[in-house]
Amino acid sequence: MENKLKIGIIGLGTVGCGVVKVLSRFDDIEVAAVAVKNINKKREVEVKKITTDPYEIAKDSSVDIVVEVAGGLAVKDVLIEAIKNKKHIVTANKELLAKHGAELFDLAKENNVVIMYEAAVAGGIPIILPIKTSLKANEFNSVAGILNGTTNYILTKMEEDNLSYDECLLKAQKLGYAETDPTGDVEGYDAMYKIAILANIVFNKRIDYTKIYREGITKISAGDIQIANELGYKIKLIAQAKKVDNSDNLDIRVHPMLVDKNRSISEIKNATNAVLLSGFPVDKVMFVGPGAGQFPTASSVVGDILSIKAELHTNSCVLPMTMCNHSKYANIIDIDDTKNSYYLRISANNEPGVIGKIGLACGEFKINLSCIIQKGVIDNPNATIIVITENCYERDINSMIEKISKDNHIRVENKIRVM
Ligand SMILES: NC(=O)c1ccc[n+]([C@@H]2O[C@H](COP(=O)([O-])OP(=O)(O)OC[C@H]3O[C@@H](n4cnc5c(N)ncnc54)[C@H](OP(=O)(O)O)[C@@H]3O)[C@@H](O)[C@H]2O)c1
């Protein structure tokens, strides 16, 4: 077939191979060239031309769309070169967009090309384009989600199999759900990049990702999961961005939360992702699906390619609704100024007066308790006391913890926010 759409791909790993496989189903699209790091590596797919120089693709005048599925920040300059050469970009790279999106989107606008990134957030779930098009009529109050499959898998296994964090991490690594160095996932960086991207399009503001509060799941114990379960909650790594008291200020963060079992987001298991949007006039909508994996991610990448293809050569400006049209940065409030309900797991010497001391400390910082329970202490010198507070400021709960921690008989073992 003449006049095939020509795609240049940077990266031929899990996602890159998926994209090549899915594109082979389209007669009118050709993978013209692929760039990789190691040319001698055995590949799952065959391609016409393979190079170790990604700039060859960025400069190739026959290439219409550059698909970047290499990951990392080193590809930034390659994409800049491609944009300057008037190529539309499709990328799955959340870290690059969260850190350098502003520069890349400005440059794309200047060069009248688009950057599409459906695969960068929640893998196979269509969320970027729906927010920018089908949900365009809305003013959103919040976006929240389970955006990292690895951590959701680990937390699910900890609960279902009653295993420790370390045992479940090992399981996830064996199954290929977690990398050898799992830091990016388990410490919440991956979810932080994704919520930065989502907050940007939901609130039409640029997001300085360094201002996002981030906490991973490494401090969650099997005990926390069990106790939460008994109290009617599941523990999930939640990434959220919301307006503060209907002002322009945003509260954006990533951390584990106790989620009421009655909330549908608590049902999201294993590597599945979910995104929950709340706004007017739609009210609440939840998107659920595979957050990663070769084919789900390729589904989003190829969807972006087809969206561009449908309009290429027909308009002076391709997909105008997908362009980034804002340049102001959001004001993100400090975690100390956020309000939450908290779960505290406290270990204390099994002696009279301990619960009273905790109650007094809470009273001093005007923290109302919604529940306080002492777990069975027969023949045990230590008691586990669980406290759930009503909504209070982060700075007050921290001051209260600091105060009771001065008592040698009381140790706050964990603090988890409640959704
Ligand atoms: N895996 C998923 O399920 C998933 C889901 C959503 C988004 N993503 C995103 O998609 C991107 C790719 O992920 P992946 O899992 O496919 O990674 P991967 O399996 O590690 O593959 C990366 C590929 O990029 C190539 N590469 C790396 N640096 C390069 C460079 N400077 N120039 C040319 N080629 C380079 C590598 O070459 P060699 O093969 O020669 O080493 C490899 O083929 C990442 O941004 C990731 O965050 C992945």
Side-chain angles (χ1 to χ4, degrees), residues 8-22 31 33-47 49-60 66-82 89-101 104 115-128 145-153 172-173 175-185 189-194 196-198 270-273 275 289-304:
I9 305 181
I10 302 167
L12 196 56
T14 307
V15 181
C17 287
V19 170
V20 171
K21 288 177 198 170
V22 176
V31 177
V34 176
V36 294
K37 234 184 190 168
N38 176 359
I39 206 144
N40 298 318
K41 212 188 248 182
K42 203 170 161 355
R43 307 282 163 186
E44 283 175 42
V45 292
E46 283 201 6
V47 288
K49 184 180 165 196
I50 194 156
T51 170
T52 51
D53 180 9
Y55 285 91
E56 258 184 51
I57 289 174
K59 290 176 184 164
D60 186 335
V66 171
V67 173
E68 186 275 299
V69 282
L73 301 179
V75 287
K76 178 186 161 201
D77 290 337
V78 179
L79 293 192
I80 288 177
E81 180 67 31
I89 307 291
V90 175
T91 176
N93 194 334
K94 57 235 129 185
E95 183 180 6
L96 180 70
L97 293 180
K99 292 184 175 171
H100 301 292
L104 292 170
I115 301 175
M116 303 283 279
Y117 50 97
E118 192 60 77
V121 180
I125 304 178
I127 185 70
I128 305 296
I146 293 174
L147 301 179
N148 181 270
T150 308
T151 44
N152 204 46
Y153 173 83
Q173 283 168 325
L175 287 168
Y177 288 151
E179 300 191 20
T180 321
D181 175 3
T183 313
D185 292 319
Y189 290 97
D190 176 79
M192 175 183 73
Y193 300 140
K194 291 168 178 170
I197 294 171
L198 282 180
N270 297 314
T272 304
N273 279 197
V275 182
Q294 183 169 74
F295 286 120
T297 311
S299 161
S300 290
V301 171
V302 176
D304 281 349

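Along the sequence shown, residues carry numbers from 1. Remember, it's a predicted structure, so these values are computed and weren't measured experimentally. Atoms within each ligand, like the ligands themselves, are counted from 1 in listed order. Hydrogens, waters and symmetry mates are skipped; everything else that's a heavy atom, side chains included, is used.
In terms of polar-atom proximity, A74 is not counted as a contact of ligand 1, lacking any N or O under 3.5 Å from an N or O of the ligand. Between V15 and ligand 1, a contact under 3.5 Å exists for at least one N or O pair. Geometrically, ligand 1 and V75 share no nitrogen or oxygen pair separated by less than 3.5 Å. Annotation: L12 places an N or O atom under 3.5 Å from an N or O atom of ligand 1; distance criterion only. Considering backbone and side-chain N/O atoms, K41 comes within less than 3.5 Å of an N/O atom of ligand 1.
For atom 20 (O) of ligand 1, the nearest protein heavy atom lies 4.0 Å away or farther. Protein non-hydrogen atoms do not reach within 4.0 Å of atom 17 (O) of ligand 1.
Judged purely by distance below 3.5 Å, without hydrogens or angles, the side chains of Y117 and K94 never pair a donor atom with an acceptor atom. In this structure, a donor-acceptor pair under 3.5 Å is present between the side chains of T183 and D181.
For A119, every heavy-atom contact with ligand 1 shorter than 4.0 Å involves the backbone, none the side chain. Residue K94 touches ligand 1 through its side chain alone, judged by heavy-atom distances below 4.0 Å. By the criterion of a heavy-atom distance under 4.0 Å, the side chain of R43, and not its backbone, is placed next to ligand 1. Residue contacts with ligand 1 for T297 involve side-chain atoms from C-beta outward but no N, CA, C or O (heavy atoms, distance under 4.0 Å). At a heavy-atom distance under 4.0 Å, atoms from both the backbone and the side chain of A70 approach ligand 1.
Near G11, the atoms of ligand 1 lying under 4.0 angstrom from a non-hydrogen atom of the residue are 23 (C), 24 (O), 25 (C), 43 (O).
Rounded to the nearest 0.5 Å, atoms CG (D185) and CG (N152) are 11.5 Å apart.
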